[in-house]
Amino acid sequence: PPTNDAARAQLAEREADQRCSIVWLTVLLRQIAKRGSATRGLCESLEPLCRTFVRAIAGLSIFVADCSLKALCYLYRLAPPESRTELMKTMFSSISNRTVVSNMFVGNPDTDKQREAKDKAGPLGPNSLKI
């Protein structure tokens, strides 16, 4: 995590840009899905788009997560039938391979270390079972 204010501001701006990009990509995919035909360029970029939308699902914004889920549905609809199996594999592997915890509501990544330090420090007070 960045330590100075300028780096934090830059990171916040980057995350805001990414959230806006997800929403606009979802709108674009919806329009393409309404038209019913996917271009060759879209078919070639299904996997990177899928990974991008899966990454956005874990964000703090419920709206962006919802847009990402809808976009994944649009991608599935737009994918040629022969590549839908691969798209699902990519989606599931992307979901299971997320290792970075960027959500502040999801536990501490160093919980085991904290627990070990607490155990080494000893009990905080008298043990009521031994009294």
Side-chain angles (χ1 to χ4, degrees):
T3 55
N4 61 10
D5 292 335
R8 285 183 183 164
Q10 186 179 14
L11 182 62
E13 183 179 341
R14 182 174 162 228
E15 288 178 3
D17 288 344
Q18 287 174 346
R19 287 192 301 266
C20 290
S21 299
I22 293 294
V23 172
W24 283 111
L25 277 172
T26 303
V27 170
L28 178 65
L29 285 173
R30 184 184 70 189
Q31 292 301 320
I32 293 171
K34 275 186 180 179
R35 193 177 61 192
S37 62
T39 62
R40 183 176 177 170
L42 179 64
C43 293
E44 291 173 356
S45 60
L46 285 175
E47 288 186 27
L49 282 172
C50 179
R51 288 187 186 103
T52 301
F53 290 126
V54 167
R55 199 175 319 122
I57 291 172
L60 292 178
S61 173
I62 294 173
F63 178 69
V64 173
D66 183 54
C67 286
S68 296
L69 290 170
K70 288 178 183 177
L72 288 170
C73 294
Y74 294 139
L75 281 179
Y76 183 81
R77 282 179 48 194
L78 291 169
E82 61 273 3
S83 65
R84 287 181 178 168
T85 304
E86 286 300 316
L87 181 66
M88 293 300 289
K89 288 179 184 177
T90 301
M91 192 182 318
F92 291 134
S93 69
S94 297
I95 290 171
S96 66
N97 288 335
R98 289 184 301 147
T99 57
V100 176
V101 178
S102 62
N103 189 330
M104 69 179 166
F105 297 113
V106 177
N108 260 338
D110 58 343
T111 304
D112 292 333
K113 291 180 184 178
Q114 290 177 354
R115 190 176 305 127
E116 288 174 7
K118 186 178 175 183
D119 290 343
K120 286 182 182 177
L124 297 175
N127 187 345
S128 62
L129 295 175
K130 291 183 179 180
I131 295 180

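Residues in residues 21-30 take part in no side-chain hydrogen bond (donor to acceptor under 3.5 Å, both in side chains) pair, two or more places apart or across chains. Among pairs with a residue in residues 10-19, none fulfils salt bridge (charged side-chain N to carboxylate O under 4.0 Å, His left out), at least two apart in sequence or across chains. Within the structure, salt bridge (charged side-chain N to carboxylate O under 4.0 Å, His left out) contacts touching residues 77-95 (residues at least two apart or in different chains) are E86-K89. Residue pairs meeting the side-chain hydrogen bond (donor to acceptor under 3.5 Å, both in side chains) criterion with at least one member in residues 62-75, sequence neighbours excluded, are D66-K70.
Expressed to the nearest 0.5 Å, how far OG1 of T52 lies from CG of L25 amounts to 8.0 Å. The structure places CG of L87 at 5.0 Å from SG of C50, a figure rounded to the nearest 0.5 Å. The line from OG of S83 to CG of L78 is 10.5 Å long, rounded to the nearest 0.5 Å.
Within a 6.0 Å sphere centred on CD of Q10, heavy atoms belonging to other residues, nucleotides or ligands number 12 at most.
Residues passing the side chain to side chain contact (heavy atoms under 4.5 Å, CB included) test with P81, sequence neighbours excluded: none. Under the salt bridge (Lys or Arg N to Asp or Glu O under 4.0 Å) criterion, R51 pairs with E47, not counting sequence neighbours.
Looking only at side-chain heavy atoms (C-beta outward), M91 and F53 stay at 4.5 Å or farther from each other.
With V64 as the fixed residue, the side-chain contact (heavy atoms from CB on, under 4.5 Å) test singles out one of I57, I22, L69: I22.
In terms of hydrophobic clustering, with Ile, Leu, Val, Met, Phe, Trp and Tyr side chains grouped at heavy-atom distances under 4.5 Å, V27 and L75 are assigned to different clusters.
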